[in-house]
Amino acid sequence: MYALIDGNNFFASCERVGNPGLVGKPVIVLSNNDGNAIARSNEAKAIGIKMGDPLFKIKDIVKQHDVKVYSSNYGLYGDMSNRMLDIIRMQIPYVEPYSIDEAFGMMHGISKQYEICVQLRHNIYKWIGIPTSIGLAPTKSLAKVANKIAKKFPERTGSVYAIDSEEKRIKALKWTEIDDVWGIGRAYANKLKSKGIFTAYDFVTKVSGDWVKKNMTIVGYRLQLDLQGISTLFFEDIQDKQNIACTRSFERNIQDKKYLEERICTFSANVAEKLRGQKTHCSMIYVFLNTNRFRPDLPSYNPGVYFATDYPTNSTFEITRAALKGLSSIFREGFDYKKAGIIVSGITPESSYQLSFFGSEKPKDQDAMKAIDLLNKKYGRHKIAFGGQDITRIMKMRQHNVSRNFAGNWNELIEL
DNA sequence: TCTGGGGTCCTAGGACCC
DNA sequence: TCTGGGGTCCTAGGACCC
């Protein structure tokens, strides 16, 4: 059996932990630049705010219902997420974090699984104030379904639901609309609906495995089996990321190459730091630029380019150098750029460093990077920055209402 | 006026190898 | 008239997730 533990309206719930006065009121949390609603309390959902709604389009509802609006505070959410995982690990030894607000627990070999889940939910709420829903089922995709039922019927299920019999599995699949199945997005849902498939039950009974393989690749076929109770999506041990990205939209349109260079330097420093944090190197760097995709009236230009590094590296100097070279090769005058970013890949562990035929004996700049990371850790992030970065941070994000990171920073404790 | 960021996996096709 | 078989790697693009 797998358990799926999922924080309800996670970001909004995190905000409530630090400000209990928000309980019962509509709360939303915005994306970077205060762009879109990316988390909503139940009350905010009830008055019609949709996932991803741009703030400027829901201004009236916000005003009318006195919706509490927060900028995103990832320091806080990351901290709460780690606390939640810690509590889960106290009761379930094998845990696979799936996203910032949810995790799979492997229940094989654990007795009284349902009772454990009930206890776990209680503990998480009592100790860190985050309400959760828990689904329990023989496969991962069924645990997702069970979780949805727990979330939809909190009174009847106590927010914990187990699919532990064939009758329950069938009932649950019949209840689940095809769009709500984990792994079936808009494109596949439309394709399936046009074939008369409207529920998860239809998907496992009315359409052949061959058709699914042909039209939804092997991924869809695995999902079909998994929903039948044959486990095809397995527990995965935590591993290093395969891509690391840093991308941002700009608050305004940018034509100036100098500004883009500054952004690229900052992004490079950021991903290099993440690489070092997980003790890996990268060997490929992708740089891209985007014009505003919401302005079809303006000329559009969305170039991107890959650059291989000479050897695996996590040096900010090396990555910045390659990224700037990439930028120069794609930049063209006369466009209004709205977004830029870099993605590094070809990630290998530091421990298996591949020597270059002609190059230096060991990875470059190791000592300098180590010193910088240490100083930044000791004296605060960005204490040491790189020449290409804008240390005055004039390109700062628009963020009107950021809460305190009351759980992760001594200086931001709540004062009563 | 204002529209996020960071990930995963799979497939097809081209270029290459012996 | 006739033109093998078995591979790898890379890239672009599409689908999905939170």
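Computed over heavy atoms, backbone and side chain alike; hydrogens, waters and symmetry mates excluded. Note on naming: letters A, B, ... go to the chains in the order of the sequence lines (proteins, then strands), and numbering restarts at 1 for each one. Note that the structure is a prediction, hence the values are computed from the model and not measured.
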Worksheet entry | N or O in side chain of A:R252 less than 4.0 angstrom from B:dT1 OP1/OP2 | no
Worksheet item: Think A:T247 has a side-chain N or O under 4.0 angstrom from the OP1 or OP2 of B:dG6?
Response: yes
Worksheet, complete the sentence: From CZ of A:F11 across to C1' of B:dG5 the rounded distance in Å is 10 Å
Worksheet item: Under 4.0 angstrom, heavy atoms only, what part of the nucleic acid is A:K59 near: base, sugar-phosphate, or nothing?
Response: nothing
Worksheet item: So, is A:S249 near the phosphate of B:dG4, with a side-chain N or O under 4.0 Å from OP1 or OP2?
Response: yes
Practice prompt. In whole angstrom, give me the gap between the C1' atoms of B:dG4 and C:dC17.
Written response: 15 Å
Item to complete: Take nucleotides 12-18 of chain C nucleotide by nucleotide from the 5' end and write B, S or -, depending on whether a protein heavy atom sits under 4.0 Å from the base, only from the sugar-phosphate, or from neither.
Response: S--SSSS
Discussion item. For A:Q119 and A:Y114, which I'm curious about, is there any donor-acceptor pair between the side chains at under 3.5 Å?
Written reply: no
Fill in: Helical stems, DNA chain C - three or more consecutive Watson-Crick or G-U wobble pairs below 3.5 Å
B:5-18 with C:5-18
Fill in: SB check A:K168 A:D164 (cutoff 4.0 Å)
yes
Worksheet entry | Nucleotide nearest A:N32 when distance is taken to its side chain, options B:dG4, B:dT8, B:dC2 | B:dG4
Fill in: Residues that A:F203 engages under ring-ring contact (aromatic ring centres under 6.0 Å, His included), provided they are two or more places apart
none
Discussion item. Any salt bridge linking A:D256 with A:K258? Criterion: basic side-chain nitrogen under 4.0 Å from a carboxylate oxygen.
Written reply: no
Worksheet item: Do A:T199 and A:E177 get their side chains close enough for a donor-acceptor pair, meaning under 3.5 Å?
Response: no
Worksheet entry | Basic-acidic side-chain contact under 4.0 Å: A:E262, A:R248 | no
Worksheet item: Does a nitrogen or oxygen in the side chain of A:K338 sit under 4.0 Å from OP1 or OP2 of B:dT3?
Response: yes
Discussion item. I want to confirm an ordering. Mapping A:N36 and A:K241 to their closest nucleotides on DNA chain B, which one lands closer to the 5' end?
Written reply: A:N36
Fill in: Distance-only side-chain donor-acceptor flag, A:N42 / A:N9, under 3.5 Å
yes
